[in-house]
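Some notes on the structure that comes next.
Here is how names work: the chains are called A, B, and so on, in the same order as the sequence lines, proteins then strands, and each is numbered from 1.
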Protein chains: 2
Amino acid sequence: MPTIKYYLREGLLPAGVLTSPNQAHYDDEHLRRLRLVRALVDVGGLSIASVREVLAAIDTRDESLHSKLGAVQEAISQPSAVELDPLAIEDVQAFFARQGETECVDVTGSNVTHMLAAALSVARSVGHDHFRDLLDPYLEGLKIIAQADVEYIAGRGSRDDVIEAMVVGTLIGDAVLKAVRRLAHVQVSRDVIDGRPDSDPLN
Amino acid sequence: MPTIKYYLREGLLPAGVLTSPNQAHYDDEHLRRLRLVRALVDVGGLSIASVREVLAAIDTRDESLHSKLGAVQEAISQPSAVELDPLAIEDVQAFFARQGETECVDVTGSNVTHMLAAALSVARSVGHDHFRDLLDPYLEGLKIIAQADVEYIAGRGSRDDVIEAMVVGTLIGDAVLKAVRRLAHVQVSRDVIDGRPDSDPLN
DNA sequence: GATAGTAGAGAGTGCCGCTATCCATCCAGG
DNA sequence: CCTGGATGGATAGCGGCACTCTCTACTATC
């Protein structure tokens, strides 16, 4: 309960309707918002500041859903202090060019692209210069996943539901992806082992 | 530089070879290890304690690569304090049964499955009871990704390289996946928009 | 009227990831 | 041989963050 008061103070939850100077009323919308905040913190691992950004993006009324999704993604991708390797930046730009994305040439202009460049920079720093080769197969698999995401979101009714489904699908989805990826690794590596038991590179 | 001393104290880096009581020698292996630690912290967002677990898994000599990968995945999936929804646990068990994974019936026995159940529990708590329907398409996409991962790892030479590629591929891969997923969303939602411009659910 | 409960706000707490200080020692330059 | 700067090792301190505690003013209830 003190945590709720803290969230109220931090502006993560709207103030209740004051029925008297020391009595406020909270409705279902407050509870829903509280659960969303807990979801972002517990599963998404977001900081309070990031949660505030996400909520601000949700509550902005005059934006398309597309830009809302972008804002959410920006908020959940806090930039790290990694210095970017110019070669990694080139890798990202080449990847975008390959995918026909011309608008994202400025890698540092977005937290998401910055995060991608940072990840590839760190990969290079530990000697994995060719990690970029994984970008295309990753995108291929993620297209299937994104297809499911879009269908899931489109199945929502009201606009508010769509927005929340977007946030949930993005953030909880990331956590689910991490976990399911483990299962996929197990399955694929088992297939590889079954396929060529004598030249097993994984055991 | 003080940070390195701190890591030494925390046991994340092995002590250098003392050439004299106050002079230690550090070789390339130390530098490599340091960069790995920074990679885990900066990109993976791991805590120092988790990094210690990952390194312990790497340094354990008498395990198969398969169990090493499992140990790494366990270390990077720190369990949250979310209480699990029994229905979400059932969802996870049904998913595993569907995929022929019989060994993971104990959901709380592994950080990874616990994380998956926690994510689905939180999804349920915000009203997304059918988020579990995404598990199968997620796995389908992740199999493609895991295929690329395994090929990438198998292309490594020495056993140490394979181990490090596993860690890098898992942890940096998660970060890359998060970023690339955004691009996939953009592409897929644009395809949807192009396909049926009048019933656009995303704008 | 006594009691219990609430809103609101400020201060305090505990943990975590460093960072700064201290001292004994050692090595290099003169 | 002497001195200044650097190093290893250990201890203590700091700053940020996510709460949590406490205090006051007030009111609704018994």
Note: contacts of residues 48-56 of chain A with DNA chain C (heavy atom, under 4.0 Å) are none

Any residue meeting ring pair (Phe, Tyr, Trp, His ring centres under 6.0 Å) with A/Y26, in chain and number order, not counting sequence neighbours: A/H30

Among residues at least two apart in sequence or on other chains, which ones pass ring pair (Phe, Tyr, Trp, His ring centres under 6.0 Å) with B/Y152? A/H128, A/F131

Under the rule for side chain to side chain donor-acceptor pair (under 3.5 Å), what residues qualify as partners of B/T170, not counting sequence neighbours? none

Among all residues two or more places apart in sequence or in another chain, which pass the side chain to side chain contact (heavy atoms under 4.5 Å, CB included) test with [X]?
X	value
B/A57	B/A71, B/V72
A/D28	none
A/D161	A/R32, A/R156, A/S158
A/D91	A/L120, A/R124, A/R132

Does A/L46 offer a backbone N or O that forms a donor-acceptor pair with the side chain of A/S50 under 3.5 Å? no

Please, which pairs that meet ring pair (Phe, Tyr, Trp, His ring centres under 6.0 Å) have at least one residue in residues 155-174 of chain A, sequence neighbours excluded? none

Looking at residues 2-15 of chain A, who's got a heavy atom less than 4.0 Å off DNA chain D? A/P2, A/T3, A/Y6, A/Y7, A/R9

When the axes are fitted on five pairs at both termini, how much does the helix from C/dG1-D/dC30 to C/dG30-D/dC1 curve, in 10° steps? 10°

Scan for salt bridge (Lys or Arg N to Asp or Glu O under 4.0 Å) pairs involving residues 2-17 of chain B, sequence neighbours excluded, and state none if there are none. B/E10-B/R52

Whole-Å distance separating the CD atom of A/Q78 from the C1' atom of D/dG16: 15 Å

Would you kindly give the CG-to-C1' distance between B/D42 and C/dG17, to the nearest whole Å? 12 Å

